[in-house]
Amino acid sequence: MEPMDLHPQTASREIAKEEEGAQVKVENGKPVVVIMVGAPGSGKSTFCDHVIRTSARPWVRICQDTIGNGKAGTKIACIKSASNALEEGKSVFIDRCNMDGEQRGDFLKLGNPEVEKHAVVLDLPAKLCISRSVKRTGHEGNLQGGKAAAVVNRMLQKKEFPKLAEGFTRITFCHNEKDVEAAMNTYSTLGLLDVLPSGCFGLKNPEAKVQLGIMRFLKKVDIPGKDGLVESNPQHSSDNQSAVEKDSGSRRPANDSAPSEYVHMDVKNTVSQESGSSIRTNSVYSIPTLAFPSISTADFQFNLDKASDIIVEKVEEFVSKLGNARLVLVDLSHGSKILSLVKAKAARKSIDSKKFFTFVGDITRLYSQGGMKCNVIANAANWRLKPGGGGVNAAIFSAAGPALETATKERAESLAPGKALVVPLPSTSPLSIKEGVTHVVHVLGPNMNAQRPNCLNNDYVKGCKVLGEAYSSLFEGFASILSTQGWMPKESNEKSLKSQNQIESKHHDGDQKVKREALNECMGGKKSKIFCNELKPNFSHSVDRKGNIEGRKNVESLNEFERNKNSGGFLKELKPSASHSVDRKENLDGRDDTGMNKAWGPWAQSLYQFAMHPERHRNDLREILDDVVVLDDLYPKARKHLLVLARVEGLDRLADVSKEHLPLLNTMHAVGLKWAEKLLNENESLVFRLGYHSEPSMRQLHLHVISQDFDSKHLKNKKHWNSFNTPFFRDSVDVLQEVSKHGEAIIRDDDSFRSMELRCHRCRSAHPNIPRLKTHISSCQAPFPGVMLDNGKLVFAPGRIR
DNA sequence: GTTCTAGAAC
DNA sequence: GTTCTAGAAC
């Protein structure tokens, strides 16, 4: 392959000149087809109109609603019209919903292949689209008023994000008004001769953070049979894609003389020339990928031959355990000795080159310049975990901005040789925005450089051991990240899903134990390797307490354990409000140590009084036991809504729960289950769910046992609904597992859940307000989503068809 | 947690 | 005018 010595834009024009008649197009600029993707009310027309009004280049908006002399026309008419506009050198907006790949397909064939196809995805909250389309008048497609909500809902149900693989060169995702404005600006200021960078932009899922479970569910529904998805990335991938990219990466000779800045173009040309496919098929993936530099070989002067042996050995050990996730060894230099050594040794060991390959490029620009999306990158850190010092460490800290330093500091202050530290990268970091990196894993290897601290003085026995440990820690850290994103090796996943579908599975202790051990093995069996000075002392690996409920879904929870341990602060990420930090100690009145917040108001004390003095409230209680009392919620949010109250002084909320409370939590669950079953005897049409609010309004830990009809006059507002139907509601089965494994429950409490859009818990349709939601749920008979059926979260009457 | 109510949304 | 939300008070 010839080195690229042209500027990308120049290169495009050079290519264009070779095409017959392309000269004219160059003079007129390069027309582009922008396919708008979005539900009615998402603002597609507004977007187009704005750009057309303000842009220097000629644009045509093709709108199916008006194409027939101001009236609705056909798709064919749209294509014809768009084609004509392109002939005239005009750029084109395809202003229709284009919600799925099939609808977009025909428009992607427009013009000659030189015409870039872009997508602008207006993925705004369903509620906003609904309310806009409900209230608008004079809509071109006559979609307004009452029927709009239903249409929008239906469309959102089947929305399918565009993928580069469909044939787009550029996809811009807009999740909020600000994104929309930015995208409008981008296109408004797109001059006649300008070419926008290719790739996916703004790709993120704002719901992911607050609605992990729900997003997981949506993923499963949207794309059955696909695996290897990254939670935050709605892009899909295929084997074909992975093969193409693997080729483009591994085929690149180590001594390739192409300057690294042009790696992306290099890849593009290689692929389009050699396989006839285009850049579109290979620039973005959602295959979980860890890009890592060679550890210790640069500044720490570790022997390259020995280092390459260790890399290959560790890769071989882990690669098969990471499902279809990929490991990529990256080096900036084209003549990198370590890359060629590793490549040769990996080939000799027949390591699957789809799963592991080497790549020449800047680890901080793998996507923007190399066209390779890596959700996780490793940093060859220094022991202080500080920026600077040159090399990869300086580059990564610099590219990630201060956010990485802050996030790192929150988790650890130093790192020992052989250890790794997983740091979730804040979404504000440029590395996250531009490169799609979600996590940085700091790794510290052994030092053979006398100028640096902890020099091993050429002791390669120890050095090799430590370097091996460093890679193990790194790959374990990567595995733990995969698990947090709902991804895990397929085999374990299938196995655990199988056993999760039935409530009865809760007693399959033996089986679970085997799996847990298998996974332990899979994770390297050396969990203590990952260093973190925030590690809580009460973590224990002897998790096999009685098995039963906490034994379920063990794969995921073990991974969660790893996650918490590794990052030492993942819980914090899930609960950004500092008041819920796991270390908080509270006084009995709920005021924390700072005395600043969270005193329980007088109205919040009633449950506490029930728990402490049940005999005074005998008439209001269903059951009084030594450890718990059971009562009807005073304001039930469903036909049946009971509370199981803990009778321990000082146990006010889920955040107060620690491992010592496990027996109590088990009792609460068992009593809750008993009552659910009792109520099911009275009315077998009910379905129950047991769980805790992440942050309760009422003092004294209480388990909600609530029927899933939500048929109650007391369910009045968003907060009511969302507190039972978002991740804010923590299923008792999950809490038991978490506490059993990690000694604490995950709290999902940021205030956003209150204002989250209202979605039916069964069919997931969105509704503009509480009354409409209630009308809907009173008749929705859709089966419950898989995630709710998993792990025995729902309790049905025996024999009932779900 | 609920109730009350101003004012936004319809 | 009526419906609905959200914030303050309790």
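Lettering of chains follows the sequences in order, A, B, ..., and the numbering in each one begins at 1. Just so you know, these numbers use all the heavy atoms, side chains as well, and skip hydrogens, waters and symmetry mates.
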**Q** Select one nucleotide: of B/dT3, C/dA6, B/dG1, the one nearest the side-chain heavy atoms of A/K718.
**A** C/dA6

**Q** Could you tell me how far apart A/M698 (CE) and C/dC10 (C1') are, to the nearest whole angstrom?
**A** 13 Å

**Q** Which whole-number value in Å describes the distance from A/L634 CG to B/dG1 P?
**A** 12 Å

**Q** Does B/dG1 have its OP1 or OP2 closer than 4.0 Å to a side-chain nitrogen or oxygen of A/H720?
**A** no

**Q** Compute both the distance and the angle, then confirm whether A/K678 meets the cation-pi test with A/W675: under 6.0 Å from the six-membered ring centre, within 45 degrees of the axis.
**A**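 Satisfied, under 6.0 Å and within 45°.
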
**Q** Using ring pair (Phe, Tyr, Trp, His ring centres under 6.0 Å) as the criterion, point out the one residue from A/H693, A/H669, A/H720 that pairs with A/H704.
**A** A/H693

**Q** Measure NE2/A/H767 against P/C/dT3 and give the value in whole Å, please.
**A** 21 Å

**Q** Is the shortest side-chain N to carboxylate O distance from A/D632 to A/R622 below 4.0 Å?
**A**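 Yes.
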
**Q** Go through the side-chain N and O atoms of A/R61 and A/S45 and say whether any donor and acceptor fall under 3.5 Å apart.
**A**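 Short answer, yes.
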
**Q** Expressed in angstrom and rounded to an integer, what is the separation of A/K719 atom NZ from B/dT3 atom P?
**A** 14 Å

**Q** Just to be sure I understand the rule, does A/P602 reach a base, reach only the sugar-phosphate, or reach nothing, if contact means heavy atoms closer than 4.0 Å?
**A**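 Nothing: the residue A/P602, judged by heavy atoms under 4.0 Å, touches no strand.
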
**Q** Between A/Q708 and A/R762, does the side chain to side chain contact (heavy atoms under 4.5 Å, CB included) criterion hold? Intermediate values first, please.
**A** CA-CA 9 Å; A/Q708 295 297 292; A/R762 301 181 75 127; 5.8 Å; no

**Q** Starting from P on B/dT5, measure out to CG on A/N717 and report it in whole angstrom.
**A**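 Spelled out: CG on A/N717 to P on B/dT5 is 17 Å.
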
**Q** Tell me the interatomic distance from A/R772, atom CZ, to C/dT5, atom P, rounded to whole angstroms.
**A** 10 Å

**Q** Which of these nucleotides, B/dT2, B/dT3, C/dT5, is closest to any side-chain atom of A/K637?
**A**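 Nearest listed nucleotide: B/dT2.
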
**Q** Expressed in angstrom and rounded to an integer, what is the separation of A/H714 atom NE2 from B/dG1 atom C1'?
**A** 12 Å

**Q** Heavy atoms from C-beta onward define the side chain here; which of C/dT5, B/dT3, B/dG1 lies closest to that of A/H693?
**A** B/dG1

**Q** Measure from the side-chain heavy atoms of A/W603 and tell me the nearest of B/dG1, B/dT3, C/dC4.
**A**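 Of all the options, the side chain of A/W603 is nearest to B/dG1.
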
**Q** When the distance from CG of A/N769 to C1' of C/dT2 is rounded to whole Å, what number comes out?
**A**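 The answer, rounded to whole Å, is 13 Å.
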
